[in-house]
Each structure stands twice: as C-alpha cells, then as structure tokens.
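In what follows, chains are A, B, ... by sequence order, proteins preceding strands, each numbered from 1. What you see is a predicted model, and the numbers here were worked out from it, not measured in a lab.
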Amino acid sequence: MELTDQEKTRRENLAKIRDLGIDPFPAALFPVTHLAADILAKVETDEEGKVTNLQEVTLAGRIMSQRIMGKAAFANLQDSSGRIQLYVSRDDIAPGEDKALYNDLFKKYLDLGDFIGVKGFVFKTRTGEISVHVKELTFLGKSLRPLPSPKRDDEGHVYDEFKDPELRYRMRYVDLTVNPQYKEIFRKRSRLITSMRQFLDDLGLMEVETPILQPIHGGAAARPFKTHHNTLDVPMYLRIANELYLKRLIVAGFDGVYEFAKMFRNEGMDRTHNPEFTAVEFYVAYKDYNWMMDTCEQLLEHAVQSVNGTTKVKAGDHEIDFRGPYRRLTMADAIREHTGENIDGADEAELRAIAKRLHVHVDNTMGRGKLVDEIFGEHVEAKLIQPTFITDYPVEMSPLTKKHRSKEGLVERFELIVNGKEIANAYSELNDPIDQRARFEEQVELARRGDDEAMATDEDFLRALEYGMPPTAGIGIGIDRLVMLLTGQKSIQEVLFFPQMKPQPGSTGKNKEV
RNA sequence: GAGCCCCUAGCUCAGCUGGCUAGAGCACCUCACUUUUAAUGAGGGGGUCCAGGGUUCGAGCCCCUGGGGGCUCACCA
C-alpha cells in the first residue's frame, strides 16, 4: 500500500525521534496522577483567579491540537476523561543549552495523535482557560496515521466532522478518539449491565454460562449460523437462544439462574438487527409471570435510575418513565382498544377475516398465533409508548409457555413494550413434559406448512422436563435495544462497539484509508 | 428484498448547461512568533474525480454495466 505524504512524514518523524536518542515506543510505565476531567473538576482559584491547588500533576494522552508561537505553545491533550489545554514553553521543558526537546521533538516531530506524558502545574491563562503549565514532557507513543480532525468553534459548530457511519463503525478506535462524545453510550451500556447484574445478584440468583455451540438450536424461532466440529465430525449451531439450557439448570436444582448472553441469528441486518446481539435471561423457580412482571418493573426502574440518574428517558417527542408499576393489558384488550376488533375466542378463519378488515398482510402459512401477532404488530405495538406489559398470548406462538391457568387457548406470557418496541419477553415456563412434546409437534406441523422459523424438537430438553421441573418464571431482556432507548440512538450499530459489517473488498468504492 | 440518494485531496465538501493545467477550508511541509484557543502572518506540496465500457472534437459532469455506502419501507429481537 502506497503511503500518503502525511504518513511518510510521520515515519520520518519517528526516525528523527530515534535519532534524538528517544524511544518513540518506550516500555516503562508512566506514573499518571490525574485525568483531564479530574483537574477541571477539582481546580480551585483565589479571589484574583489564581489557581491555588494542583501544583503538581502528571497526566498522559494524545496530542489533539497544537498552537505554536515561537518559543512557547499551547496544545490540547486528550485522555480517557476528556481534554485539557497544555502550555509548553521552550525554556521550561528544555532548561539547559540543548533545546532539541522543544525545538525538534515538540515543534517538529510531534504529530497530532501522538501520545505524550506531561508533568506540571495547573494555572489559568489570560483568557481564563484552565491549563497545565508543562515542566517535563515525555514521549509515550507515535501515531503513524493522521486522525481526522474535527474542529469546534465558539458557537459549537463542528467542522470536518468524522461522521461517515461506515468508516466510524469499521474504525471504532478512530471514531471514539475523534468523537469521544460517543463513549458515553458505551459507558451507559456498561453501567446498565453492571446495575442489572447487581440487582440479580441481590435477588439471590446465580450467574451461569451455557453453551454457545449447540448441537441443535432451540429456544427461539430464528435461522441459525451453522458450523462444523472437526473432531466429532458433526454439525453445530451458534445459539439462537439459551433458554432451554437455563431451564435444564432449574431442573438441576438451582432456584434462580441468569446469563448475559450473546445470541446469533442468521437473518437480516438493519438499524435494529445485528447478527449477534445481547440479552439477559433469568429463570426463577416457584414463581409465575405475575411475579416476573413485578420483578421486571423493579429491575428496570433500578437499572434506568443507575444509568441515567433518573427513571425518565427522552425518546423523540415522548418522555418515558420507567418508574413502576407499568400498565398491564391483555393482548386481546390491547387489540380491542386500538382497533375495535374482538379476537376473544376467534378461530383461525375469523382471525384471518379480522386481519383482512384491518389491512394486515396475511398468508396461508400463518396459524392463529401468527395472525394475532401480525394484527398486534401492525396496529398496536407502535402506539405503546410508556412501559406496558402485554399479557396472555395465543398458545400457538408460544411453544415453551405454560397454558393460562383460567383462559382457554392462551398462555401465561407477557412482553414489555416501551416506545413501541419489545424490550422483554417472559412467561410462566411450561414444565409439563407431555404438553411440551405436543407443542414441539405443533411446531413441526407449522414447519411443514412453510414456517421456516418454527422450532425444532429438543429430545434432551424433553428428557430433562420428564425428570421434573418446578414451576418457574423466566424472562429475556434485549440489552442492545434497551441501550438504544436509554441513549436515544436510532440504530443498533451505535450501541455496539463493533457492529457486523460487510467484508471490505480490495480497493473499490469508498473503502478509503483514513 | 423494493424505492430514493451518494462516492472528487488525509478529513469535510464545492465543481453551473459537457469546455483553460480540477477547487476551498482544515490537516500536512517550510519560515516567523513566549498566554493562544477554529491561534496568526508569509510561502509550498498533495488527486486512479469508485471501477470498466460507451457517446462526444472534448466527460468529474451525459448513457450503460459493475462495486461500495447511506436513508426510507417491509420481516426476524
């Protein structure tokens, strides 16, 4: 690959740094004492505006801009916490006869993006900006490629923003360096998972890990990634769900288990779907879906409060409040409320007629469950903005769910809908192995009718149930979409560090190097 | 999968109805400058205009084919 002029210059500067006897990639640790944000937060000034504390600080980061004025200069240093201005004067960092450290290293061979460490004192410039007056400068690492260089003026206008989504996702390291505001999304993601884990631990559940490589894919309706194990010479699948394994652990005698799990689905990719995504699932023995609704409310209220410092979240024109209790509405009541149609007791033909009246697209592979799902998806889901539990689904679309204790044809299942999107899916787990086998057989029948998402029968799971599983409530919560909601992001790519991208072919199109 | 839009310097983008050697700002290089802040002043370098084909005296621009990307819509979470 031909180097650009700027890359050549950086390699030359690298060599010249070595010529000065300075290692451009030093091995020794650098004793950082402060982060940029710490300094800005902790700085104290007297009545004349002089800084009275922080008279010895050591920090490190990337040089993001330089303003050289002969024998003195200003620069911006960016570390993990943010940016702070440095003041560098020749006679401070090179006090003796030899001025090479300033004249050559700092002024000529230092490129934007290089890592340096500085030791100095905090002061306020004439124009009032808190800065670090550098007394010692240490070179810590060379950057051989120029970073994109967005600039921001006083009014907050950004120029030359690095915003091409493809380049941002392909080179997330560049994106987060020059657009550090996006780091907050990932910090929130991390806090969300931490706070959920804390809640589940406090509930007395045990964190577990279950297989990602599975001999048969079960627990959800989706197309899997298929692979092959060489030694065993058998096909294997990347898990589309971990539900059936977690329930085996309930059979095994753990009263409560949870797993933050990557799921893999070999399906379309768009702004709400990535081939791998994260869900937290937890299963608790001797509970039912009513208990799970209470618990789900508490979990989300706790998590959202931890992430955003409030239970309220702005989503477009709406303000969503995650403080419980949430509205609970049966599927049939929700459809009645939003369409005026009554699906209670309707058979397949009647449902098809209702769907037609509501201009919902239907085809012959759709059973009762799918038809209800389509009607709900088309006419109701998007209208549910505040957290709402939709309960009591048709049995046909819930092959792993216990039949409703009193309502014929329905199951004890709920989904939590927020801002028109499904956030959680939960139910009283089906623990009757004979019923479970019959449900699997219905799935096989749906598959025969052409439903390519129908579930496969898992004999080992059935065997586990035959040994006996206590009544259990289970739930799955989609982490990525929850993060999207909490951070106001419209695409899943923005909440994943490394979203799946098409492989990058040779040198066609806009596959530029930065 | 369907529709619409885009691809020009390291980055962000202009480039008219097809007509000089393809431009700007930032970045980069040289010089000056000890409190600047989109630092400033002077000078300079940098292009496979996504690729291939076609029309034309002449194509960044028009046509065809291909590649890559974005947005909107439909389906899986």
Original post:
If the C1' atom of B:C63 is compared with that of B:G23, how far apart are they to the nearest Å?
Top reply: 27 Å
Original post:
Within the structure shown, what part of the strands sits under 4.0 Å from A:Asn274 by heavy-atom distance: base, sugar-phosphate, or nothing?
Top reply: base
**OP:** Measure from the side-chain heavy atoms of A:Lys108 and tell me the nearest of B:U36, B:U34, B:C31.
**Re:** B:C31
Original post:
Under 4.0 angstrom, heavy atoms only, what part of the nucleic acid is A:Asp480 near: base, sugar-phosphate, or nothing?
Top reply: nothing
Subject >> From B:U35, B:G10, B:C29, nucleotide with atom closest to A:Pro146 side chain >> reply: B:G10
Subject >> Base partner of B:C71, which must satisfy Watson-Crick or wobble distances under 3.5 Å >> reply: B:G3
Original post:
Which value, in whole Å, describes the distance between the C1' atoms of nucleotides B:C61 and B:U17?
Top reply: 10 Å
Original post:
What's the verdict on side chain to side chain donor-acceptor pair (under 3.5 Å) for A:Thr210 and A:Arg239, showing C-alpha distance, side-chain angles and the deciding distance?
Top reply: CA-CA 10 Å; A:Thr210 62; A:Arg239 72 174 164 210; 3.3 Å; yes
Subject >> Closest nucleotide among B:U36, B:C75, B:U35 to the A:Glu378 side chain >> reply: B:C75
**OP:** May I ask you to verify if any side-chain N or O of A:Arg67 is less than 4.0 angstrom from the OP1 or OP2 atom of B:A39?
**Re:** yes
**OP:** Under 4.0 Å between any heavy atoms, over every strand shown, what does A:Thr9 touch: base, sugar-phosphate, or nothing? Just pick one.
**Re:** sugar-phosphate
**OP:** Determine the contact category for A:Glu422: base if any of its heavy atoms lies under 4.0 Å from a base atom, sugar-phosphate if only primed atoms, P, OP1 or OP2 are that close, otherwise nothing.
**Re:** sugar-phosphate
Original post:
Within the structure shown, what part of the strands sits under 4.0 Å from A:Ile68 by heavy-atom distance: base, sugar-phosphate, or nothing?
Top reply: base
**OP:** Could you measure between the two C1' atoms, the one in B:G43 and the one in B:G58, and give it in whole Å?
**Re:** 35 Å
Original post:
Hey, does A:Asn76 reach any base, or is it just sugar-phosphate, or nothing, if we go heavy atoms under 4.0 Å?
Top reply: nothing
Original post:
Contact class for A:Ser65 (heavy atom, under 4.0 Å): base, sugar-phosphate, or nothing?
Top reply: nothing
Original post:
What is the distance, rounded to the nearest whole Å, between atom CD of A:Glu494 and atom P of B:G70?
Top reply: 11 Å
Original post:
If you check every side-chain atom of A:Met69, which of B:U36, B:C28, B:C75 has the closest atom?
Top reply: B:U36
**OP:** State whether a side-chain donor-acceptor pair under 3.5 Å links A:Thr177 with A:Asp175.
**Re:** no
Original post:
Do A:Tyr289 and A:Tyr427 make the cut of ring centroids closer than 6.0 angstrom?
Top reply: no
Original post:
Does the gap between the ring centers of A:Phe497 and A:Phe186 come in under 6.0 Å?
Top reply: yes
**OP:** Compare side-chain N and O positions of A:Lys163 against OP1 and OP2 of B:C13 and report whether any pair is under 4.0 Å apart.
**Re:** yes
Subject >> Residue-phosphate contact under 4.0 Å: A:Arg145 side-chain N/O, B:G10 OP1/OP2 >> reply: no
**OP:** Using atom types as modelled and distance alone, determine if a side-chain donor or acceptor of A:Asp458 lies under 3.5 Å from a backbone N or O of A:Phe461.
**Re:** yes
Original post:
Any side-chain N or O of A:Arg271 less than 4.0 Å from the OP1 or OP2 oxygen of B:C73?
Top reply: yes
Subject >> Mate of B:G41 where both pairing distances stay under 3.5 Å, Watson-Crick or G-U >> reply: B:C31
Subject >> Whole-Å P distance, B:C28 and B:C64 >> reply: 43 Å
Original post:
Among B:G69, B:U36, B:U34, which nucleotide sits nearest the side chain of A:Arg170?
Top reply: B:G69
Original post:
Is there a Watson-Crick or G-U wobble partner for B:G10 with both distances under 3.5 Å, and if so, which one is it?
Top reply: B:C26
